[in-house]
Amino acid sequence: MAAAAELKLLEKSLGLSKGNKYSAQGERQIPVLQINNGPSLTGLTTIATHLVKQANKEHLLGSTAEEKAMVQQWLEYRVTQVDRHSTKEDAHTLLKDLNSYLEDKVYLTGYNLTLADILLYYGLHRFIVDLTVQEKEKYLNVSRWFCHIQHYPGIRQHLSTVVFVKNRLYATSH
Amino acid sequence: MRLFVSEGAPGSLPVLVAAGRAPGRSELLISTVGPEECVVPFLTQPKFPVLQLDSGNYLFSTSAICRYFFLLSGWEPDDFTNQWLEWEATELQPVLSAALYYLVIQGKKGEDVLDPLGKALTHIDHSLSRQNCPFLGGETESLADVVLWGALYPLLQDPAYLPEELGALRSWFQTLSTQEPCQRAAETVLKQKGVLALRPYLQKQPQPSLPEGRAVSNEPEEEELATLSEEEIAAAVTAWKKGLEGLPVLRPQQNPVLPVAGERNVLITSALPYVNNVPHLGNIIGCVLSADVFARYSRLRQWNTLYLCGTDEYGTATETKAMEEGLTPQEICDKYHTIHADIYRWFNISFDFFGRTTTPQQTKITQDIFHRLLTRGFILEDTVEQLRCEHCARFLADRFVEGVCPFCGYEEARGDQCDKCGKLINAIELKKPQCKVCRSCPVVKSSRHLFLDLPKLEKRLEEWLGKTLPGSDWTPNARFIIRSWLRDGLKPRCITRDLKWGTPVPLEGFEDKVFYVWFDATIGYLSITANYTDQWEKWWKNPEQVDLYQFMAKDNVPFHGLVFPCSALGTDDNYTLVKYLIATEYLNYEDGKFSKSRGVGVFGDMAQDTGIPADIWRFYLLYIRPEGQDSAFSWTDMLLKNNSELLNNLGNFINRAGMFVSKFFGGYVPEMVLTPDDQRLLTHITLELQHYHQLLEKVRIRDALRSILTVSRHGNQYIQVNEPWKRIKGNEADRQRAGTVTGMAVNIAALLSVMLQPYMPTVSATIQAQLQLPLPACSVLPTDFLCTLPAGHQIGIVSPLFQKLENDQIESLKQHFGGSQAKVSPNPAAIETVTTPGPQQIQMLMAEVTKQGNIVREMKAQKADKNLVAAEVAKLLDLKKQLALTEGKPLETLKGKKKK
């Protein structure tokens, strides 16, 4: 998904009216937001954070110092780790790590949905749609978290729903 | 809270600095663990540093840890800090970790390490200088400064890796590095071992792979648009409105050009090409073309400019060539001087004078300098052991001996210098020397010679360099070369040779010797000026008023930056010495070197036969100018750059701008009513123009070309967004808008024509004729973007500027110039492509075969040296083979032919 399209999705999920213009910079098509009569902002997570503030939904950036730092940590993880991989095979270690991390968590920072969940959901969507039923079961915690986010009101929009099987089929395989 | 660190992990630097900010620092426990320990339970790869919070959560990102400490101290995050941190993680870290890995683990040095980082460092430097604040976020230090400083410190603490030309970056870095928390963190992490302290950590890391697209190029990239302030916009609009009146008064042309007191007097020289050969593209971009761009730019700035060059004609190589061709040395010089002059004329090189070194002035000035050095005791006499080839019955000049380098063991070291390690060699020190002509082993004979006492002059030289170098715009490679020479210590240099073809030595007992070209070739600039005007000393003995720019390839740096300055300083004659020494790296051809003997590469005289206009050659060579690192000429790339940058970007924009004026407004520039959007565009273009000036003032020729392309890209986008072709059909307001956009666009085109003048003079003149740009605006480039085509101005007839280069055309040229590399390919597909050549190519090859055949016959008739004949015969066979392949004859017949 092109970064500009992703930001449009985010805008909509935040309830922002359309109006921001995005361009893309360089080979990696890094998004640039031109703010009216102001300086431009460059970078997916930078712009996303800006949009959340624009929508007055600061709670999505975390409320304590700890949460705030964690949200930005996972946003960085999204653009440095997730975006670096091109196929689900590449992303194997990444999914394994995330699966282990999410074992005791509802959301990435604990008990509240944040921007990190939204952008990680958008970023992982292309891998998750390609997972086999067996792989989805292998990354059970990721699957649970992903399924939860995709049903969160307003986030998924036109992205395809990924189907997860409720009962375990390969219970002993790992 | 518990912080886990590991020895040599660079992330500890910013984290320790940031930790100092947080209240309750005593609660922070620091544990040092091994580099392979997995502290964070859910991460497969170990990561350091890691902060374990009291809640049990882990922060494993260096930026996030720093951010956390800053948040604890009450700091509020803002968009620009986020932007810097995201940039650091996604753009800086990949190139930086590669650079550190090269340096610490692979032991690479210098430009190999800095190259991948260049763009990122420049980005920081530009941001700092643009906003004109000491810190990234403004007047005070903040999170972004700490994170970036910490990332860069291990590398930049070594001054060799802190580029001098990035002034804003330097002062930012130095300010931070002297602060106490930073110093303490640096002490803790690097332990005074410098960057090598990172070794324990880095050697456990996988080798970072560099992101793609880091090769030398001016890849079009959408530049980040600068933030514009109200003042900048107001200033740009005011300047624009001045129009033609904003132009400075044209200074009259004088002949001859002489320095004028109170003006900027710019003397430009390009390394003197050696006369015995036809220059190849690398020679052309390395000196004459680069110097030409600067000379043209300098004239556009109305600086009083004199640009000189000439052929370097004395020496053994000329004598040998004369022997080969059965001519006298003078005849050879005359012949090749004309060839050189013709080539440069074709390339549109704007010399004020193109002279030569074999003139009475050369003898007079060289002998005068020698006398002064002699009377001041800077000349030594010594007996030299010299190599003499008994077979050829002569002393061998350095370049006619080859052997094994005594320093690095390189097998094909030349008698004067090793191509591999760059060290200077005394020919007799070569191991296993061979006469390059007959391959027999030369013997050592002694002969009396004169030496320039460089050690005695070293102090004067250092004094001069101390005044000249700091803050100057010498290219980094030139500084590096000079520095390493001085570090190794100077030794006396022999300045005479046992030859006939040279400047005679005016000393008893040396009547049969001449000066070595190393001593007198650089004096050529003076004598060439003396042949241009009898008042040459106004340029050359006037260091107060003259700025001397010297252009060359890097192998020439020692003579211009060291040997000549020493000679000149020793004379006590107040010579003008080089102020800007501009050295390029090497240009390769496709994947190898240019080689005359193997017929690989494009040589000056052949460029004209390709049917590609000189300006296209100039553009492409300047686009890939080996500025900062070696680069390569590639046919496919040339096609690509011509079709994308020239045709689709620059040509398309200028043509559209002109066409709109012709088609929609009857050839008259329409009224322009600037909206805030137009004003912003105007300001962006003004800033880009100023950037172009800054770059060219520092002789960053390749980078400035990029500015031109950026302006044209702005223009294209502007037209695309505003769609004047639709608005012209709309209501009154729409039509007025179409007029404004067209007027702005055609003015941008006019500006581009002037910015382009140093690079593509013919295209520039064509645009100016098409737009009927008023004469004063054609010959001056002010620092502001002015409206030079006011409403009501009538333009001329507009036509396309560039032609598409076609694939098959380029393929056939590639085959033609490929030399031996292109022909023997086991790949059947490759042979197939060779069998569909253009008839033009076959014709060219046939002509060459005939020419070479004649050479061989002539040599045989003259009973020339057997080895020389053999070399020419080899060339002939080579050509025949190429021809056969091109005509599609099977290889079998070819072998048969060869046996005959």
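Below, each value reflects all heavy atoms present in this structure, side chains not excepted, and no hydrogens, waters or symmetry copies. Quick note on labels: first sequence line is chain A, next is B, and so on, each numbered from 1.
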Electrostatic pair A:Glu11-A:Lys8, nearest N-O below 4.0 angstrom | yes

Verify whether one side chain among B:Thr44 and A:Asp97 offers a donor that lies under 3.5 Å from an acceptor in the other.
-> yes

Just by distance, with hydrogens left out, do B:Asp125 and B:Thr122 show a side-chain donor and acceptor under 3.5 Å apart?
-> no

Could you tell me whether A:Tyr101 and A:Trp145 have their ring centroids closer than 6.0 angstrom?
-> no

Hey, which of B:Pro41, B:Pro77, B:Ser63, B:Ser55 has the most heavy atom pairs under 4.5 Å with chain A?
-> B:Ser55

By a 4.5 Å heavy-atom criterion (distance strictly below it), what part of A:Leu44 contacts chain B: side chain, backbone, both, or neither?
-> both

If you tally heavy-atom pairs under 4.5 Å between each of B:Val40, B:Leu85, B:Asp677, B:Leu53 and chain A, the highest tally belongs to B:Leu53

Are B:Arg713 and B:Glu645 close enough for a salt bridge, meaning some N to O gap below 4.0 Å?
-> yes

Could you look at B:Asp78 and say if it's the side chain, the backbone, both or neither that has a heavy atom under 4.5 Å from chain A?
-> backbone

Would you mind telling me which of A:Glu66, A:Glu76, A:Arg84 has the largest number of heavy-atom pairs within less than 4.5 Å of chain B?
-> A:Glu66

Quick one: what part of B:Tyr58 sits under 4.5 Å from any heavy atom of chain A, side chain, backbone, both or neither?
-> backbone

Heavy-atom proximity to chain B below 4.5 Å, by part of A:Val79 | both

Check whether B:Leu43 gets within reach of chain A through its side chain, its backbone, both or neither, counting any heavy atom under 4.5 Å.
-> both

Residue pairs passing the side chain to side chain donor-acceptor pair (under 3.5 Å) test where at least one lies in residues 146-155 of chain A, sequence neighbours excluded = A:Tyr107-A:His148

